[in-house]
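Only this structure's heavy atoms are used, side chains among them; waters, hydrogens and symmetry mates stay out. Just so it is clear: chains get the letters A, B, ... in the order the sequence lines come, proteins before strands, and each one is counted from 1. Model, not experiment: these values are computed from the prediction.
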2 protein chains.
Amino acid sequence: MTEPLQDDRNPTIDAQFKALSDGTRRALLEYLVREGEQSVHALTAIAGVSQPMVSRHLGKLKRAKLVTARRAGRETYYSARSKGLAPVVQWMAVYGALWSQRFTALEGMEA
Amino acid sequence: MTEPLQDDRNPTIDAQFKALSDGTRRALLEYLVREGEQSVHALTAIAGVSQPMVSRHLGKLKRAKLVTARRAGRETYYSARSKGLAPVVQWMAVYGALWSQRFTALEGMEA
DNA sequence: CCCATTCATAACCATTTGGTTATGACGTAG
DNA sequence: CTACGTCATAACCAAATGGTTATGAATGGG
């Protein structure tokens with residue numbers, strides 16, 4: 001509704017698109033979405049990269065509000081954050097709708 | 001449909017998310033979507049960056065198949081490519097649907 | 001024919017990014 | 001108490017990224 005005058009820089013959307021732009025990160029996220037809460041250990045097993053890198057990817061996903069972390073003993077469990085995608089979905093709804101008429105039923109979503 | 005075994009690296013989706021992860025690029029794209037075909041000149045006027053940078057951003061959007069270019073005389077006109085968002089939308093449809101039940105009516109979309 | 005406009009590319013720079021190995025903090029199990 | 005398992009952070013590196021100014025290739029107008 002608020003007209004993006006010339007540059008609607010939005011930190012959250014920025015962070016989310018950037019977070020989603022990496023294949024490894026998407027794979028982690030997809031795994032969390034499909035399999036539910038997972039420890040870093042488990043995620044390291046399925047990601048093709050080292051454990052520190054997994055931690056860093058998860059950190060970025062967390063800062064993008066796409067996942068949440070729950071510490072339990074020596075393990076940290078990450079889960080996909082529902083509502084996490086909302087900002088991106090909203091962007092898609094607005095511009096995708098204008099773009100073509102292929103979008104519908106995406107409204108009623110709050111960041 | 002094809003189960004992402006552990007890492008569904010998809011160059012197009014990668015490129016699209018990456019392309020969308022920059023605010024300036026999104027602003028250019030949004031402008032094209034809202035105002036239709038525009039010359040680089042016009043786009044430079046609304047983007048907050050130099051003309052070469054606009055060209056480079058447009059190049060990246062083009063490689064991501066989000067815009068198309070049409071050369072006319074000394075001007076190049078860019079337009080948002082309809083269907084461009086399809087891969088991203090598809091990803092959103094699949095994972096967004098799993099993610100929460102907030103997604104619907106996103107199927108029937110082809111890349 | 002010359003000059004100006006439009007655009008893309010080159011050269012350069014600082015920062016970010018994805019990756020690694022090494023280390024350290026903390027919890028748990030003998 | 002010691003040893004191991006889990007995770008995050010540090011240090012480091014090469015490559016990509018966003019930005020700039022300078023240049024060059026076309027096209028169009030006087």
**Q** side-chain hydrogen bond (donor to acceptor under 3.5 Å, both in side chains) with B:R70: which residues, sequence neighbours excluded?
**A**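 Checked B:R70 against side-chain hydrogen bond (donor to acceptor under 3.5 Å, both in side chains); matches are B:E37.
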**Q** Protein-nucleotides 25-30 of chain D N/O pairs closer than 3.5 Å?
**A**
residue : atom : partner : partner atom : Å
D:dT27  : O2   : B:R74   : NH1          : 3.3

**Q** Reckon A:T76 has a side-chain N or O less than 4.0 Å from the OP1 or OP2 of D:dA8?
**A**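 Yes, because at least one side-chain N or O of A:T76 sits under 4.0 Å from OP1 or OP2 of D:dA8.
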**Q** Which residue pairs pass the side chain to side chain donor-acceptor pair (under 3.5 Å) test when at least one of the two sits in residues 43-52 of chain B, sequence neighbours left out?
**A**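 Of all non-adjacent pairs touching residues 43-52 of chain B, those that pass side chain to side chain donor-acceptor pair (under 3.5 Å) are B:Q51-B:S55.
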**Q** With sequence neighbours left out, what residues match A:F17 under ring pair (Phe, Tyr, Trp, His ring centres under 6.0 Å)?
**A**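 Counting only residues at least two positions away or on another chain, A:F17 forms a ring pair (Phe, Tyr, Trp, His ring centres under 6.0 Å) with A:W91.
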**Q** Any base atoms under 4.0 Å from A:S50, or only sugar-phosphate, or nothing? Heavy atoms, all strands.
**A**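 Base: the residue A:S50, judged by heavy atoms under 4.0 Å, touches a nucleobase.
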**Q** Under 4.0 Å, heavy atoms only, any strand: does B:Y77 hit a base, just the sugar-phosphate, or nothing?
**A**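 Contact class for B:Y77: none.
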**Q** Send over the distance from A:L28 CG to C:dG19 P, rounded to a whole Å.
**A**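 Rounded to whole Å, this separation is 10 Å.
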**Q** Please tell me whether B:Y31 and B:Y77 are part of a single hydrophobic cluster in this structure, the criterion being side-chain heavy atoms less than 4.5 Å apart.
**A** no
**Q** Could you name each residue pair satisfying salt bridge (Lys or Arg N to Asp or Glu O under 4.0 Å) that touches residues 38-58 of chain B, not counting sequence neighbours?
**A** none
**Q** Do you know the tightest heavy-atom contact between A:K83 and A:P87?
**A** O-CD, 4.1 Å
**Q** Give the nucleotide from the list D:dT17, C:dG19, C:dT9 with an atom nearest to the side chain of B:P52.
**A**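 Nucleotide nearest to B:P52's side chain: C:dT9.
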**Q** Check the distance between C:dT15's P and A:D14's CG and give it to me in whole angstrom.
**A** 19 Å
**Q** Within the 4.5 Å heavy-atom criterion, are B:L43 and B:L32 side-chain neighbours or not?
**A**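 Result yes, sub-4.5 Å side-chain heavy-atom pair found.
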**Q** Does any non-hydrogen side-chain atom of A:K62 lie less than 4.5 Å from one of A:L58?
**A**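 When only atoms from C-beta onward are counted, A:K62 and A:L58 do not touch, as no gap falls below 4.5 Å.
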**Q** Counting only side-chain heavy atoms from C-beta out, which of D:dA8, C:dG18, D:dG19 sits nearest to A:Q51?
**A**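 Closest nucleotide to the A:Q51 side chain: D:dA8.
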**Q** Using modelled atom types and a 3.5 Å cut-off, is there a donor and acceptor pairing between side-chain atoms of A:R81 and backbone atoms of A:T68?
**A** no
**Q** What does B:E75 touch in the nucleic acid at a heavy-atom separation under 4.0 angstrom: a base, only the sugar-phosphate, or nothing?
**A** sugar-phosphate
**Q** Below 4.0 angstrom, which residues in residues 35-44 of chain A have at least one non-hydrogen atom near DNA chain C?
**A**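 The stretch gives none, as no residue of it lies under 4.0 Å from the strand.
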